[in-house]
Amino acid sequence: MVLEGGEGTGKSTQAALLAERLGALLTREPGGTPVGESIRRLLLDPANAGLSARAEALLVLADRAEHVSAVIEPALQSGRDVVCDRFSGSTLAYQGWGRGLPVEQLRELSAWAAAGCEPDLVVLLSVPAAVASARLAARGSVDRLEGAGAEFFGRVAEGFAALAAGDPRRWVTLDAEGTVEQVAERVASVVASRLG
Ligand code: Z5A
């Protein structure tokens, strides 16, 4: 299962709660492996403000290739469920819709990087931009991507909405306003009804 959405929607919080509830392996992108954590630092470092869109895309794909090979596939092979905080939907939304790279090429490259591994279910958490901003402001620091601007994040949100609309068998959009506990109940209920 994958949790997707814009920043401040509560994905990381909900991914952790869902994994705990299911006894699943919790992991994330970018990150999830030692190499992935190094890639994550490169991607989020404000010092890399001028990073080109293609380089950014190749870094998230390298992260995915390592993550699937070293963490996700072995866990699935051993019979464990996996809950992942972001996956290929983020590449299409951020590097495709956000940065303007060709979405179909990214889709193919991401499938190649993931060796065809796809989530059974993608839960897209959705909150109004003002709610997400308030949550992030309460938290503090801004990284390279969070500094990308409102237009960029508008395109990313459009991308996520289009991905969910285009694949309703795999994607579910959930209202992520409300308390952490309320959202967790919505996530658990959708997982039970889709995969239970
Ligand atoms: N990225 C990419 O470009 N391409 C890719 O292929 C992939 C990723 C895989 C890092 O991801 C960046 O990588 C991301 C996209 C890019 N860039 N941006 N910007 P990330 O997932 O690590 O970063 P993020 O989306 O910015 O995570 P986040 O800011 O931590 O947001 P979140 O995971 O959705 O939320 P959270 O950490 O669970 O919660 C944020 C705060 O809100 C925190 O203080 C919580 O305590 C609080 N919170 C959570 N839920 C609630 C509720 N219900 N009420 C009130 N407050 C809440």
Side-chain angles (χ1 to χ4, degrees), residues 2-20 26-33 36-37 39-46 48-49 51-68 71-72 83-101 103 106-107 109-111 113-114 119 122-157 159-160 163 174-187:
V2 168
L3 275 284
E4 290 280 16
E7 36 293 315
T9 50
K11 295 172 311 299
S12 307
T13 305
Q14 295 302 329
L17 291 172
L18 178 64
E20 192 182 344
L26 172 66
T27 187
R28 68 171 179 176
E29 289 194 0
T33 64
E37 292 300 332
I39 292 174
R40 179 183 180 88
R41 281 193 291 280
L42 282 175
L43 283 166
L44 301 186
D45 187 347
N48 296 328
L51 187 66
S52 68
R54 282 167 186 262
E56 180 180 271
L58 289 169
L59 285 170
V60 297
L61 293 172
D63 169 65
R64 181 153 312 127
E66 179 66 6
H67 188 212
V68 168
V71 173
I72 296 181
V83 173
C84 190
D85 182 358
R86 295 193 183 280
F87 196 66
S88 52
S90 284
T91 308
L92 304 182
Y94 283 83
Q95 282 66 52
W97 271 269
R99 300 290 189 213
L101 294 176
V103 171
L106 286 172
R107 209 188 279 279
L109 287 166
S110 179
V122 182
V123 179
L124 174 62
L125 296 185
S126 170
V127 293
V131 173
S133 300
R135 289 181 185 173
L136 293 178
R139 191 179 60 180
S141 70
V142 173
D143 62 40
R144 186 181 68 86
L145 278 147
E146 282 172 5
E151 269 183 33
F152 174 80
F153 288 110
R155 293 196 298 277
V156 169
F160 276 127
L163 291 168
L174 272 193
D175 171 12
E177 274 197 270
T179 65
V180 168
E181 295 73 23
Q182 286 169 332
V183 181
E185 282 311 311
R186 282 176 220 145
V187 172

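Remember, it's 1-based here, ligands and their atoms both numbered in the order they're listed. Atoms considered below: every heavy atom in the structure, side chains included; atoms not considered: hydrogens, waters and symmetry mates.
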Which ligand 1 atoms are under 4.0 Å away from a heavy-atom of [X]?
| X | result |
| --- | --- |
| R64 | 6 (O), 9 (C) |
| E29 | 9 (C) |
| T179 | 53 (N) |
| G6 | 34 (O) |
| V180 | 50 (N), 51 (C), 52 (C), 53 (N) |
| T9 | 34 (O) |
| R40 | 20 (P), 22 (O) |

Under 3.5 Å between any N/O of [X] and any N/O of ligand 1: does that happen in this structure?
| X | result |
| --- | --- |
| R28 | no |
| G8 | yes |
| Q14 | no |
| E56 | no |
| L136 | no |
| R139 | yes |

### Query
Taking only residues two or more places apart in sequence, or in another chain, which ones meet T27 in a side-chain hydrogen bond (donor to acceptor under 3.5 Å, both in side chains)?
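side-chain hydrogen bond (donor to acceptor under 3.5 Å, both in side chains) list for T27, sorted by chain: H67.
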### Task
Report the part of V60 in contact with ligand 1, treating N, CA, C, O as backbone and CB onward as side chain, heavy atoms under 4.0 Å; options are side chain, backbone, both, neither.
side chain
### Query
Under a 4.0 Å heavy-atom limit, does Q95 contact ligand 1 with its side chain, its backbone, both, or neither?
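Side chain only.
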### Task
Look at the rings of F152 and Y94 and say which category their plane angle falls in: under 30° parallel, 30 to 60° tilted, over 60° perpendicular.
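F152 vs Y94 ring planes: tilted.
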### Query
Given R28 and R86, is the side-chain contact (heavy atoms from CB on, under 4.5 Å) satisfied, shown in steps?
CA-CA 6 Å; R28 68 171 179 176; R86 295 193 183 280; over 6 Å; no
### Query
Taking atom 35 (O) of ligand 1 as the point of reference, which of G10, G89, S88, A176 owns the nearest heavy atom?
G10
### Query
Hey, looking at atom 11 (O) of ligand 1, which of R86, E4, E181, K11 has the closest heavy atom?
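Of the listed residues, R86 has the closest heavy atom.
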### Query
Any side-chain donor paired with an acceptor under 3.5 Å for S88 and R64?
no
[X] (side chain) donor-acceptor with [Y] (main chain) under 3.5 angstrom:
| X | Y | answer |
| --- | --- | --- |
| S110 | R107 | no |
| R186 | L174 | no |
| Q14 | V180 | yes |
| E4 | S90 | yes |
| K11 | V123 | no |

#### Entry: Whether G178 lies under 4.0 Å from ligand 1, heavy atom
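The answer is yes, since G178 has a heavy atom less than 4.0 Å from ligand 1.
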### Task
Please step through side-chain contact (heavy atoms from CB on, under 4.5 Å) for the pair V60 and E29, ending with a clear verdict.
CA-CA 8 Å; V60 297; E29 289 194 0; over 6 Å; no
#### Entry: Min side-chain heavy-atom separation V187-L17 under 4.5 Å
no
